Amino acid sequence: MTLPIGHLTQSIHPALSVKYNMRVYDLQKQGKDIINLSLGEAFFTMPPLDFEGMDVAKGYHYSSSRGLAELRQVISARYASAYGVPSDPEREVLVTAGSKAVIYMTLFMIVEPGDDVIVLEPAWVSYEEQIRLCRANPVMVPYTASIDTLEAHLTPRTKAIILNNPNNPSGHIYSKEELKALMNLAERRGLFIISDEAYSDFTPPEEPFTSIGVFDPGKERTFIVNSLSKSLGLSGWRIGYVIAHTDYIEQLLKLNIHLITCPATLLEQYLAHHFDRLVDNARTQIVPLLEKRAWAVQAMKDLGLEHLPGSGTFYFMVSVKDSGFSSSAFAESLLEEQLVSTVPGIGYGASVGDFLRISIGAEPRERLAKGFQAIRDKIHQSS
Ligand code: PMP
């Protein structure tokens with residue numbers, strides 16, 4: 001049925017990852033035991049809720065549309081101490097209901113209809129559709145292109161580059177050299193950079209994370225977006241934020257006011273009150289998760305499974321090229337026949353159409369090993 005609604009909304013696709021996860025829930029309801037490699041969460045054990053010493057009565061009401069002042073202070077202090085990006089919590093930080101919302105608000109603020117926005121593949125599922133929702137054009141850059149060759153993809157209408165560092169889904173952590181080259185290009189061509197740093201804490205000690213914000217101390221062109229969804233394991237609390245120049249924050253504030261008013265006040269209070277404790281709680285679980293990542297690299301190597309290079313996050317882009325199947329056909333039959341859920345690479349860009357995105361966050365090693373084996377068997381069975 002064609003609904004009497006705008007063609008733009010009609011033309012938008014739901015995220016492929018969500019589609020696959022819904023199917024997993026259906027199969028689980030039927031009693032099937034699914035090895036879940038599609039869920040984009042790490043499932044930390046959380047300390048019991050503790051509202052002691054908090055003014056919970058305030059939590060029933062709206063808070064500042066910039067985000068609760070105490071929460072902005074801890075977020076600002078953390079970016080300065082952990083990543084060397086200082087900010088004024090009063091004027092350069094805005095807290096929103098999840099980082100997804102503020103990526104959209106930022107795009108909406110900076111583009112005019114018909115502008116181009118560069119997206120580097122493999123690219124997280126929502127960038128392309130959010131750009132379209134702003135009536136702008138996503139310019140998808142294949143994963144084989146390096147930062148040095150990016151300029152060839154720019155047009156006179158290019159307004160911004162979306163950077164996802166570390167990258168979901170490959171796990172690539174951008175080096176200082178790559179970030180400097182990107183900043184150099186942005187300066188030369190007058191572009192904005194939206195740096196989505198949702199996985200900034202998911203990097204091993206030998207390859208530390210650098211925020212591109214350190215190369216733009218005047219915050220002239222950089223929007224640093226981050227989230228507590230992954231770093232603290234609180235995806236359901238919907239708290240994300242942006243650090244940017246005060247002039248841009250004032251504009252984003254208007255969008256925040258009209259779209260969400262403020263994030264859930266009680267949760268903001270809770271986070272401000274327990275921030276250090278929650279950071280410690282996450283840190284102790286990120287260490288074994290990254291060890292599991294290193295184990296997974298070896299386990300896949302032993303099976304001859306190839307994946308894009310990367311050492312951060314808890315995701316991999318695994319090649320199924322040798323199967324001869326498209327990623328969608330492969331993922332679909334892997335789920336229905338082998339009960340292993342993954343996300344087809346095509347959701348992350350055309351250049352990764354013969355990869356699968358897998359997440360190692362939700363399953364223990366034994367079950368991951370079974371999942372890897374099923375992928376390997378299916379590649380060989382079809383080829
Ligand atoms: N960016 C990336 C790269 C992500 O993977 C996600 C969540 N999967 C988000 C942003 C959105 O996070 P939030 O929960 O803060 O909206």
Side-chain angles (χ1 to χ4, degrees), residues 44-103 105-106 195-201 209 211 213-214 217 219 222-286:
F44 297 156
T45 303
M46 300 304 289
L49 290 172
D50 171 12
F51 291 92
E52 194 72 34
M54 280 173 53
D55 186 358
V56 286
K58 269 196 184 157
Y60 288 114
H61 306 289
Y62 295 130
S63 51
S64 162
S65 286
R66 290 178 192 276
L68 196 72
E70 296 85 339
L71 181 57
R72 278 182 277 127
Q73 277 157 17
V74 291
I75 285 171
S76 172
R78 176 141 172 84
Y79 243 87
S81 66
Y83 308 135
V85 179
S87 58
D88 176 351
E90 286 302 315
R91 301 181 317 138
E92 295 179 328
V93 179
L94 183 79
V95 185
T96 63
S99 65
K100 199 178 251 187
V102 84
I103 296 169
M105 289 181 207
T106 305
S195 184
D196 177 353
E197 305 185 347
Y199 297 92
S200 54
D201 288 341
F209 164 77
S211 170
V214 302
K219 300 186 176 62
T222 312
F223 295 88
I224 294 176
V225 177
N226 210 320
S227 167
L228 304 184
S229 292
K230 312 291 161 156
S231 58
L232 300 188
L234 289 171
S235 57
W237 285 27
R238 312 305 306 129
I239 307 278
Y241 57 94
V242 59
I243 299 175
H245 190 283
T246 177
D247 292 351
Y248 294 120
I249 291 289
E250 292 307 311
Q251 299 300 316
L252 286 170
L253 176 60
K254 294 188 287 185
L255 301 181
N256 219 28
I257 288 171
H258 290 301
L259 294 175
I260 68 153
T261 304
C262 62
T265 305
L266 186 65
L267 303 184
E268 292 185 278
Q269 285 179 297
Y270 193 94
L271 282 164
H273 196 78
H274 290 293
F275 200 73
D276 291 341
R277 199 172 147 214
L278 290 167
V279 169
D280 283 347
N281 178 65
R283 190 179 294 134
T284 55
Q285 298 179 71
I286 289 173

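What you see is a predicted model; the values in this text were computed from it and never measured.
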Legend entry - Spacing of R72 atom CZ and S64 atom OG [to the nearest 0.5 Å]: 4.5 Å
Legend entry - side-chain contact (heavy atoms from CB on, under 4.5 Å) evaluation trace for D201 with F209: CA-CA 8 Å; D201 288 341; F209 164 77; over 6 Å; no
Legend entry - E197: which of S211, S227, S231, S99 passes side chain to side chain donor-acceptor pair (under 3.5 Å): S211
Legend entry - Value rounded to 0.5 Å, distance of NZ in K58 from CD in Q269: 7.5 Å
Legend entry - Close side-chain approach of F44 to T284, heavy-atom, < 4.5 Å: no
Inset, instruction - State, without any angle test, whether T246 and D88 hold a side-chain donor-acceptor pair at a distance under 3.5 Å. - result: no
Legend entry - Beyond-backbone contact of N256 with M105, side-chain heavy atoms, under 4.5 angstrom: yes
Legend entry - Contact check, side chains of Y248 and L94, non-hydrogen atoms, under 4.5 Å: no
Inset, instruction - Any chance you could measure Y270, atom OH, to D50, atom CG, to the nearest 0.5 Å? - result: 5.5 Å
Legend entry - Spacing of L259 atom CG and T261 atom OG1 [to the nearest 0.5 Å]: 9.0 Å
Inset, instruction - Quick one: closest heavy-atom pair of N281 and T45, and the distance? - result: ND2-O, 3.1 Å
Inset, instruction - Taking the side chain as every heavy atom from C-beta outward, state whether T265 and H61 have any pair of such atoms under 4.5 Å apart. - result: no
Legend entry - Short side-chain donor-acceptor distance under 3.5 Å, Q251 and D247: no
Inset, instruction - Please determine, by modelled atom types, if Y79 and S87 share a side-chain donor-acceptor pair under 3.5 angstrom. - result: no
Legend entry - Validation row: L278, M46 side chains within 4.5 angstrom (heavy atoms): yes
Legend entry - Residue pair S200 / Y83: nearest heavy atoms and the distance that separates them: OG-OH, 2.9 Å
Legend entry - Pairing of E250 and R66 as salt bridge, 4.0 angstrom limit: yes
Legend entry - Nearest non-hydrogen partners of S63 and E268, listed with the distance: OG-OE1, 2.6 Å
Inset, instruction - State, with a plain yes or no, whether a side-chain heavy atom of I249 is found less than 4.5 Å away from one of V93. - result: no
Legend entry - Any L266 side-chain heavy atom under 4.5 Å of F51 side chain: yes
Inset, instruction - Enter the distance from S65:OG to H258:NE2 here, rounded to the nearest 0.5 Å. - result: 9.5 Å
Inset, instruction - Side-chain contact test, heavy atoms from C-beta onward, threshold under 4.5 Å: evaluate it for L267 versus L234 and give yes or no. - result: no
Inset, instruction - Flag the pair D280 and R277 as a salt bridge only when some basic side-chain nitrogen lies within less than 4.0 angstrom of an acidic carboxylate oxygen. - result: no
Inset, instruction - Find the distance between OG1 (T96) and OH (Y241) and round it off to the nearest 0.5 Å. - result: 10.5 Å
